[in-house]
A.B. asks: 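Could you have a look at this structure, given as structure tokens, before my questions?
In the text below, chain A, chain B and the rest are named by the order of the sequence lines, each starting its count at 1.
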2 protein chains.
Amino acid sequence: MRISGLADTSGVSVATIKYYLREGLLHPGVATSATQATYDDSHVRRLRLIRALTGPVGLSVQQARAILTLVDDPGDDLYATLGRAVGALPPATSPTPAGDPDPYPRARAALEALGQVFDPRFPAVAQLETALAAAEDAGLPISPERLLAYGRSLRELAAYDLQRMPAEPRAAVEYTVLGTALYEPVILALRRLAHQDVAARLDLGG
Amino acid sequence: MRISGLADTSGVSVATIKYYLREGLLHPGVATSATQATYDDSHVRRLRLIRALTGPVGLSVQQARAILTLVDDPGDDLYATLGRAVGALPPATSPTPAGDPDPYPRARAALEALGQVFDPRFPAVAQLETALAAAEDAGLPISPERLLAYGRSLRELAAYDLQRMPAEPRAAVEYTVLGTALYEPVILALRRLAHQDVAARLDLGG
DNA sequence: TAATATTGGAGAGTCACACTATCCAAGCAT
DNA sequence: ATGCTTGGATAGTGTGACTCTCCAATATTA
């Protein structure tokens, strides 16, 4: 299949495919001459994944590349790979000023209350701190009680996810990294719908 | 307080404040002459809210304006206002082609399985459909069983949230609309941290 | 075989976005 | 009175994600 066939099959324009090739999101085809190369099913699948990440998931091309690189070349430490994947995903957080003895006070308190590991090197810690600070700044601080309630429910979900993690390492990385990126929008949508459903049953304002 | 004082207090530059005024995110100050106006605490608070929405929450200026408009001018129907807020938040979904008898098959099946209301006019339905389709396209479809598990946990969270909704309508709108925007990042960060914690206890790859 | 179309590759152009900078005449402060 | 600040408008900047245009080298088709 040549580039125009790939474009037809995938629904992505030739120009955009060239752009993804240039940006390193898509692996090159097999060159058959100076001005020809053939593409196969792996390119079609990869394009689908790229479009899923840059479209519905809302990643930038750079973020998508970071995620794809992790899936292609995971380290042998799944735990560390998950950390890197989380760091590559939005929301981006500003680097901590060095020398701050307690850069994430809100996140630390929350995790201690939940009895969870607090490791300041994990990117999600900074993300949690930023999110809690934003809620405070906006005048809707999150109470410790609410954090506990959220944390407990989400821990159930996490346990469910990890129980179903594939045993084979490569599949496990894909499951973990892509699952983080792809399942989060599902979770947000389900939460919004749960709000709607509960509100409807309470017969609010209707 | 004049505009430079507002800039100093809020940490937002004069040029950016002028930009927000032009874009209608920030209400004008009280003009005291042709070239002077005074700003007060309400402007400082509003700027904090704008920065929280456009920064950590990651909304565009247009999306932030849509949310702020809803908070300023909610309808008297809280349920409908929540719907509008969800529609103003990312992820954006493409409009449904008219005449499609079943535009959201995945979302409909999921909500039926959960025993929740299915109302195709609610924007989160389209968001759920898009997210489920993206996961499928990327090769990691979400099983019905997983959807049930997610949906049940998130319904607990939603019930918790609505139990704590303020009784006063104006406060309820603010709580609902801003809560959707501000608490979602917290939930995602907590989920990521829960994954990390569960993974650590399973002693994966470490 | 000749005419036409397509390809890979590279560079430039486009469009939207979120600011940021520059101007200006009209105050205000000293 | 004289230099600084203001509101308001217009223009400019930098980034990101494409999209367009070229080109010579093939492929395809008549």
Side-chain angles (χ1 to χ4, degrees), chain A residues 1-40 43 46-68 88-92 94, chain B residues 1-40 43 46-68 88-92 94:
Chain A
M1 185 193 294
R2 284 165 305 173
I3 201 170
S4 59
L6 180 58
D8 290 346
T9 309
S10 66
V12 178
S13 76
V14 171
T16 302
I17 291 174
K18 287 182 175 183
Y19 169 66
Y20 290 154
L21 286 167
R22 252 177 291 154
E23 293 297 319
L25 301 198
L26 184 64
H27 49 293
V30 179
T32 58
S33 83
T35 65
Q36 224 82 15
T38 60
Y39 302 87
D40 59 25
H43 296 90
R46 181 66 160 222
L47 276 177
R48 266 211 285 269
L49 178 53
I50 294 170
R51 296 303 268 198
L53 292 178
T54 59
V57 176
L59 299 190
S60 70
V61 165
Q62 291 181 46
Q63 290 164 341
R65 180 173 39 216
I67 294 294
L68 291 168
L89 250 27
S94 37
Chain B
M1 182 193 293
R2 284 165 303 174
I3 202 170
S4 60
L6 179 59
D8 290 346
T9 309
S10 65
V12 178
S13 75
V14 171
T16 302
I17 292 175
K18 286 183 175 183
Y19 171 64
Y20 289 155
L21 286 167
R22 251 177 291 151
E23 293 296 320
L25 301 198
L26 183 64
H27 48 294
V30 179
T32 58
S33 82
T35 65
Q36 224 84 13
T38 59
Y39 303 86
D40 59 24
H43 296 89
R46 181 64 160 223
L47 276 176
R48 266 210 285 268
L49 178 53
I50 294 170
R51 297 303 268 198
L53 292 178
T54 59
V57 176
L59 299 189
S60 70
V61 165
Q62 292 181 45
Q63 289 164 340
R65 179 172 42 216
I67 295 294
L68 291 168
L89 250 27
S94 38

A.B. asks: Please figure out whether B:Tyr19 or B:Thr32 has its closest DNA chain C nucleotide nearer the 5' end.
C.D. replies: B:Tyr19

A.B. asks: Starting from P on C:dC19, measure out to CD1 on B:Ile50 and report it in whole angstrom.
C.D. replies: 10 Å

A.B. asks: Starting at CG of A:Leu21 and ending at P of C:dG8, how long is that distance when rounded to a whole Å?
C.D. replies: 8 Å

A.B. asks: Remember a base hit wins even if backbone is also touched, and classify A:Ala15 as base, sugar-phosphate or nothing at under 4.0 Å, heavy atoms.
C.D. replies: base

A.B. asks: Would you check if B:Ile3 and B:Gln36 make a side-chain contact, meaning some heavy-atom pair closer than 4.5 Å?
C.D. replies: no

A.B. asks: Starting at atom OH of A:Tyr20, determine the distance to atom C1' of C:dG8, rounded to an integer number of angstrom.
C.D. replies: 19 Å

A.B. asks: Looking at every strand, decide which applies to A:Glu23 at a 4.0 Å heavy-atom threshold: base, sugar-phosphate, or nothing.
C.D. replies: nothing

A.B. asks: DNA chain D: A:Ser33 or A:Thr16, which has the more 5' nearest nucleotide?
C.D. replies: A:Thr16

A.B. asks: Report yes if some heavy atom in the side chain of B:Leu59 is under 4.5 Å from a heavy atom in the side chain of B:Pro90; otherwise report no.
C.D. replies: yes

A.B. asks: What's the closest nucleotide to the B:Ala34 side chain, out of C:dA26, C:dG8, D:dC18?
C.D. replies: C:dA26

A.B. asks: Evaluate the side-chain proximity of A:Arg51 to A:Thr16: yes if any heavy-atom separation is below 4.5 Å, no if none is.
C.D. replies: yes

A.B. asks: How many Å lie between CD on B:Gln36 and P on C:dC28, as a whole number?
C.D. replies: 6 Å

A.B. asks: Are side-chain heavy atoms of A:Leu25 and A:Arg65 found at a separation under 4.5 Å?
C.D. replies: yes

A.B. asks: Could you state the atom-to-atom distance from CD1 of B:Ile3 to C1' of C:dT20 in whole Å?
C.D. replies: 14 Å

A.B. asks: For a quick check of understanding: with a heavy-atom distance under 4.0 Å over all strands, which category does A:Ser4 fall into, base, sugar-phosphate or nothing?
C.D. replies: sugar-phosphate

A.B. asks: Taking the nucleotide of DNA chain D with the closest heavy atom to each, which residue, A:Arg22 or A:Thr35, is nearer the 5' end?
C.D. replies: A:Arg22

A.B. asks: Whole angstrom is fine here: how far is it from CD in B:Gln63 over to P in C:dA16?
C.D. replies: 16 Å

A.B. asks: Evaluate the side-chain proximity of B:Leu68 to B:Arg46: yes if any heavy-atom separation is below 4.5 Å, no if none is.
C.D. replies: yes

A.B. asks: Look at all strands and tell whether B:Ala37 reaches a base, only sugar-phosphate, or nothing, counting heavy atoms closer than 4.0 Å.
C.D. replies: sugar-phosphate

A.B. asks: Could you state the atom-to-atom distance from CE of B:Met1 to P of D:dT5 in whole Å?
C.D. replies: 17 Å

A.B. asks: With the side chain of B:Lys18 defined as its heavy atoms from C-beta on, choose the nearest nucleotide among D:dG8, C:dA18, D:dC18.
C.D. replies: D:dG8

A.B. asks: How long is the line joining CG of A:Leu25 and C1' of D:dG16, in whole Å?
C.D. replies: 13 Å

A.B. asks: With DNA chain C as reference, determine whether B:Arg2 or B:Gln62 sits nearer its 5' end, using the nearest nucleotide of each.
C.D. replies: B:Gln62

